[in-house]
Amino acid sequence: MISSATQTISCTVSRVVHPREPFSDGQPRFCVLLTSIGKATGMLPFYPEQGMRLKLTGERREWNGELQFRFSRALHDAPADPKALLDYVATIAKGVGPKTAERIWADYGADWQAHIDDLKPSVSLALRRTMDALAANKARFDLTVYMVSIGGSPRMADAAWAAWGENASATIEANPYLLATLPGIGFKTVDGDIRRHFKIKDEDIRRAVAAIDYALRELMEQSGDSVVRRDALYSQFHDLGISRTVASFALAKLIRAERIRYIGMDEVTTSTVAMHEGDLYRYITDNASGGSGATPPLPYDAIRDINDVVFDKSQILAIAAATTNLGLTVINGGAGAGKTTIIKAICRILEYRGCAVSLCAFAGKAAARLREATGHHASTIHSMLMYSGDGLGFTAGNLHGRTVIVDEASMVPSALLYEITKRDPERLILVGDQAQLQPVGIGSPFHDVIDRLPTVVHTLTTCYRNKEAVFAAAAKIRSGEMPDEGKSAREEFAVRRFDSPEAVHAFIEEAVKAGEIDFDQDLVLSPRNGEGEEPAAATVKSLNAGIQAIENPHEDGVKFAPEDRVMCTKNFPKLDIWNGTTGWITRVDRDGKPFFLPDDADSEYDEIRLGEKEQQQAIAPAWCLTVHKAQGSQYRDVYVVCLRRDAARLFDRSMLYTAVTRAKRKCVLLTDDGIDRIIGAVRRRRTYLQLLFKGEA
């Protein structure tokens with residue numbers, strides 16, 4: 001491969017070889033162009049039309065015996081001369097052409113741009129769109145070049161353009177740390193190369209303001225608390241080289257800007273969290289019916305086909321409240337208490353009465369299980385609320401007149417429940433298990449309502465599977481007792497003890513080699529993800545690598561292969577794939593693009609091609625999952641890594657209970673002497689919603 005010196009050359013596009021389909025989302029793509037200077041290749045944030053003039057900066061290179069121009073920068077090269085500009089625009093504007101350009105020049109001459117709106121509407125619209133596109137694409141690509149020059153990336157340029165448009169460069173020059181407020185960027189990214197480019201000192205107030213914003217969100221996301229002690233916030237700044245004095249000044253500035261709010265004298269929250277949980281509090285208190293009163297007779301003719309179920313008193317009270325009261329009803333019950341059965345009954349009764357019902361769950365796996373168990377359409381909350389995935393958030397309209405039933409409601413964070421309640425459903429029925437994990441996200445509204453507003457809570461009191469081994473063990477863990485090993489007619493609960501995490505890891509790999517774990521229906525769980533290039537033994541990352549090498553080894557450099565067990569870690573509404581969706585890679589095309597078949601697909605023909613880079617980056621191995629990722633799903637056999645090393649910070653009683661209740665047939669705890677500590681660890685979140693219930697906020 002021969003490289004020449006960098007040069008800038010003007011050229012005209014004659015054909016786009018790749019990509020074959022036009023794109024208009026502003027995301028840079030690799031393009032192969034045939035131009036007046038030969039073949040040119042590089043990244044473009046716009047699809048170049050035939051006849052478009054470009055100014056390319058790059059090098060001539062010989063690649064596989066072919067000479068081409070590899071460009072690192074591309075700008076529109078619209079002519080400065082008015083006549084040449086008109087001829088150029090007419091060439092690339094749809095429906096205009098050279099003859100129309102001649103007539104426009106004859107009528108208006110060099111002043112033609114001032115008379116675009118006087119032309120025939122179709123010609124005027126085509127010219128206006130083309131001129132606007134030329135201006136916008138040039139400014140946008142100039143921003144990409146600028147962003148790279150200061151240590152950023154094209155993706156960051158896209159975010160800056162979406163936020164600030166043509167003012168992006170000036171905004172960044174004034175305060176580079178404003179980039180940290182944009183989606184997907186963050187404080188640490190800006191605090192690296194970009195900070196060094198601008199020579200920003202440790203105690204620059206712009207850095208301190210961004211650091212407080214970052215530290216507060218980090219503390220909330222790590223703990224799930226929606227209020228944070230001020231001293232805990234200040235303690236984050238020592239390693240950043242920011243003094244308490246500067247941090248106090250920055251905090252005061254954020255409070256004046258109404259981005260942070262004091263709670264009492266010693267705690268703070270963000271204004272966004274205060275708004276979410278404040279609105280939740282108002283919805284809950286305005287819609288708390290205060291109990292069901294006399295229990296009306298249930299219309300058994302509407303639910304007679306539910307396997308001749310005989311409901312116990314707690315179930316009847318819960319069904320009656322949910323189907324009689326408007327507003328909020330909370331149904332709380334442990335594993336095996338019949339929550340899914342009464343959801344089915346509630347749906348049948350309400351539909352019998354002509355009520356519109358939306359059934360949803362936080363996780364895609366839970367929604368699929370709900371559909372199968374109830375026979376009623378169920379979706380993820382994100383799908384129900386029409387999450388756009390393109391920065392517009394949730395686009396669904398109001399829920400007036402509808403009943404919304406949320407299963408696995410303990411998983412739902414405050415911000416997501418707020419998105420439901422602000423649409424004002426006629427009824428909101430939250431169904432879940434208070435003993436399960438609290439949400440991945442900020443707040444704990446399901447638990448807060450149970451603790452602080454018992455008048456709307458109906459607790460199911462009978463476990464119908466407590467004689468089965470797994471459920472008997474789960475019930476003991478739920479109440480803080482040590483579980484018993486044993487077998488029952490249909491279930492098995494076992495505890496296997498090891499001397500070290502390495503021994504646990506080796507046991508799992510041997511079980512995989514022996515065929516004891518079938519990943520079509522079984523699962524390995526670990527509480528710790530595993531960081532770094534060489535993660536610790538028996539963590540999610542290390543186990544995934546080890547199991548992958550046994551079950552479906554890859555050739556060097558191959559990212560995806562058929563029969564990979566995977567999970568999607570982001571929401572892709574257009575594909576109907578959501579964060580937490582598990583499945584298999586079925587095949588990989590010649591361009592290396594994988595096809596993904598979700599576990600809840602109706603048939604093998606429902607595979608989805610993951611053609612975009614962002615989609616491929618969101619696919620992770622799923623032979624082993626964290627307990628959080630598995631919540632809402634069930635598997636035949638579940639193996640749970642349950643070690644002392646993880647008890648202090650990661651593993652507590654609710655996580656162990658949640659892990660055990662994922663198993664339908666067999667659960668095996670793989671432990672050293674960590675179970676006692678884990679069962680004894682109970683942590684509740686401190687939330688703004690709690691303080692509102694107590695009158696302290």
Under 3.5 Å: donor-acceptor pair, side chain of [X], backbone of [Y]:
X: Gln315; Y: Asp312; answer: yes
X: Ser383; Y: Thr380; answer: no
X: Ser226; Y: Ile442; answer: no
X: Lys339; Y: Gly334; answer: yes
X: Glu408; Y: Ala361; answer: no
X: Gln434; Y: Asp451; answer: no
X: Glu481; Y: Lys476; answer: no
X: Asp672; Y: Pro501; answer: no
X: Gln615; Y: Glu612; answer: yes
X: Asn544; Y: Cys624; answer: yes

Answer yes or no: does atom CZ of Arg653 have more than 12 heavy-atom neighbours from other residues, nucleotides or ligands under 6.0 Å?
yes
In this structure, are over 12 heavy atoms from other groups packed under 6.0 Å from Glu614 atom CD?
no
Can you tell whether the side chains of [X] and [Y] come within less than 4.0 Å, N to carboxylate O?
X: Arg683; Y: Asp652; result: no
X: Asp564; Y: Lys559; result: no
X: Asp599; Y: Arg565; result: yes

Pick from Asp407, Val330, Ile346, Asn332: which one makes a side-chain contact (heavy atoms from CB on, under 4.5 Å) with Val431?
Asp407
Only residue of Lys664, Lys666, Arg665, Arg490 satisfying salt bridge (charged side-chain N to carboxylate O under 4.0 Å, His left out) with Glu468 is Arg490
Less than 6.0 Å separating the ring centroids of His382 and Phe394?
yes
Using the test ring-ring contact (aromatic ring centres under 6.0 Å, His included), find all partners of Tyr214 that sit at least two apart in sequence or belong to another chain.
Phe187
